[in-house]
Amino acid sequence: MDERLFARIYEHLMDEAALLDARQYLEWHATLDPEIRYSVYANLVRMQGEEGPAGAPLFLENHASLRTRCEQLTTPGFSVSDNPPAATRHFVTNVRLRPAEAPGTCRVDSNVLIYRTRGTDLPPFFLSAARQDEFADTPQGLRLKHRLVRCDDAVIGSRNLNFFI
């Protein structure tokens with residue numbers, strides 16, 4: 001394992017979590033590769049050995065659609081369902097560097113736990129998920145090219161999904 005690359009990736013994931021928790025969505029978007037594919041799936045419960053789709057899609061995004069979501073979440077009046085905004089905390093763990101499939105890229109697996117709270121009258125919300133990321137190593141730094149998120153829950157109990165995983 002390339003320890004310097006692992007350290008860069010780990011630092012990038014921590015910086016990403018800090019940007020998302022600070023609601024700096026446009027700054028986060030600037031770290032994405034122009035060809036990004038961002039997919040989030042809810043778990044599909046099935047019997048052992050039963051075949052089927054990978055999960056129920058919650059988000060199937062690209063660079064342009066992520067930019068629109070970032071602008072919506074940072075523009076007062078556009079995100080009525082998250083006003084006042086919720087507070088989130090991203091906990092990223094079990095970071096593992098995997099063999100790259102293409103030159104100049106690296107694969108990273110991680111787990112994430114998101115704590116979200118809004119106001120005093122609603123209970124806090126937790127989301128646990130596994131992530132599979134692919135990063136491009138560019139002259140501008142690491143750029144997220146692909147993120148596949150598989151939520152652990154089949155039913156997402158949040159009133160909205162106005163956050164990134």
Side-chain angles (χ1 to χ4, degrees), residues 1-46 51-74 86-116 124-154 156-158 161-165:
M1 178 178 73
D2 183 341
E3 292 180 17
R4 285 185 293 171
L5 178 59
F6 180 83
R8 287 180 57 216
I9 288 170
Y10 186 82
E11 186 72 24
H12 183 88
L13 292 173
M14 297 304 107
D15 290 344
E16 176 189 41
L19 286 173
L20 294 175
D21 289 342
R23 301 180 56 81
Q24 294 178 327
Y25 299 127
L26 295 172
E27 292 84 348
W28 170 75
H29 187 268
T31 70
L32 305 177
D33 188 87
E35 301 298 319
I36 182 135
R37 291 171 296 142
Y38 181 92
S39 308
V40 179
Y41 293 88
N43 188 20
L44 284 182
V45 179
R46 55 175 74 90
E51 298 293 322
L58 300 173
F59 297 111
L60 301 173
E61 306 278 358
N62 61 29
H63 197 263
S65 64
L66 285 169
R67 175 72 184 197
T68 299
R69 287 191 66 212
C70 289
E71 289 172 350
Q72 177 187 15
L73 291 171
T74 57
T88 62
R89 187 76 55 223
H90 288 69
F91 298 89
V92 182
T93 186
N94 294 59
V95 178
R96 295 173 306 279
L97 188 58
R98 299 292 185 205
E101 295 181 10
T105 66
C106 56
R107 284 188 45 222
V108 179
D109 293 344
S110 64
N111 295 333
V112 64
L113 177 68
I114 299 172
Y115 171 83
R116 184 171 185 242
F125 168 73
F126 292 91
L127 183 126
S128 172
R131 297 192 309 197
Q132 295 176 337
D133 294 336
E134 180 182 347
F135 289 95
D137 196 359
T138 72
Q140 296 77 33
L142 293 169
R143 296 289 182 247
L144 183 61
K145 287 181 62 83
H146 181 238
R147 173 162 287 162
L148 171 63
V149 179
R150 296 189 187 283
C151 297
D152 294 326
D153 291 319
I156 308 301
S158 178
L161 290 175
N162 285 345
F163 58 92
F164 297 100
I165 302 170

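For reference, positions follow the sequence shown, starting with 1. The shown structure was predicted, so the numbers you read here are calculated from the model rather than taken from an experiment.
F135 pairs in a side-chain contact (heavy atoms from CB on, under 4.5 Å) with only one of the listed residues (T105, L5, V108), which is V108.
No close placement of the F91 and Y115 rings is indicated, their centers lying 6.0 Å or farther apart.
Atom SG of residue C106 and atom CG of residue L97 lie 6.0 Å apart, to the nearest 0.5 angstrom. Atom CG in D152 sits 7.5 Å away from atom CG in N111 (nearest 0.5 Å). If you take CG on L19 and OG1 on T31, they are separated by 7.0 Å, rounding to the nearest 0.5 Å. Interatomic distance, D133 CG to L13 CG, rounded to the nearest 0.5 Å: 6.5 Å. Atoms CD and CG, from E71 and L66 in turn, are 11.5 Å apart once rounded to the nearest 0.5 Å. In this structure, CZ on F163 lies 4.5 Å from CZ on F125, to the nearest 0.5 angstrom.
Two residues are said to be in side-chain contact when any heavy atoms from C-beta on lie closer than 4.5 Å; I156 and L58 meet this criterion. Inter-residue side-chain proximity for D153 and S128 is flagged as unmet; no heavy-atom pair is nearer than 4.5 Å. Residues R107 and E101 have side chains in contact (heavy-atom distance under 4.5 Å, counting atoms from C-beta outward). Looking only at side-chain heavy atoms (C-beta outward), S110 and V92 come within less than 4.5 Å of each other. Taking the side chain as every heavy atom from C-beta outward, V149 and S39 never approach each other to under 4.5 Å.
The pair R98-D109 meets the salt-bridge criterion, with a side-chain N (NZ, NE, NH1 or NH2) lying under 4.0 Å from an Asp/Glu carboxylate O. Residues E134 and R143 are not paired through a salt bridge, judged by the lack of any N-O separation under 4.0 Å between the basic side chain and the carboxylate.
Judged purely by atom type and a 3.5 angstrom limit, H29 has no side-chain atom pairing as donor or acceptor with the backbone of T68. Under the 3.5 Å distance criterion, the side-chain polar atoms of D33 are left unmatched by any main-chain donor or acceptor of L144. Under a 3.5 Å cut-off, the side chain of T74 and the backbone N or O of C70 do form a donor-acceptor pair. With hydrogens and angles ignored, the 3.5 Å screen pairs no side-chain donor or acceptor of R67 with any backbone N or O of N62. A distance-only check finds a donor-acceptor pair linking the side chain of R96 to the backbone of N94 [under 3.5 Å].
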task: Quick one: do R8 and D137 satisfy salt bridge (charged side-chain N to carboxylate O under 4.0 Å, His left out)? Show the steps, please.
output: CA-CA 10 Å; R8 287 180 57 216; D137 196 359; 2.9 Å; yes
Could you go through the side-chain hydrogen bond (donor to acceptor under 3.5 Å, both in side chains) check for T88 and D21 one step at a time? CA-CA 5 Å; T88 62; D21 289 342; 3.2 Å; yes
message: Please determine whether salt bridge (charged side-chain N to carboxylate O under 4.0 Å, His left out) holds for the pair E16 and R147, giving the CA-CA distance in whole Å, both sets of side-chain angles, and the decisive distance to 0.1 Å.
response: CA-CA 13 Å; E16 176 189 41; R147 173 162 287 162; 2.8 Å; yes
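Below 30°, between 30° and 60°, or above 60°: for Y38 and F59 the angle between ring planes is between 30° and 60°, a tilted geometry.
Atom OH of Y10 sits in a sparse spot, with 12 or fewer heavy atoms from other residues, nucleotides or ligands closer than 6.0 Å.
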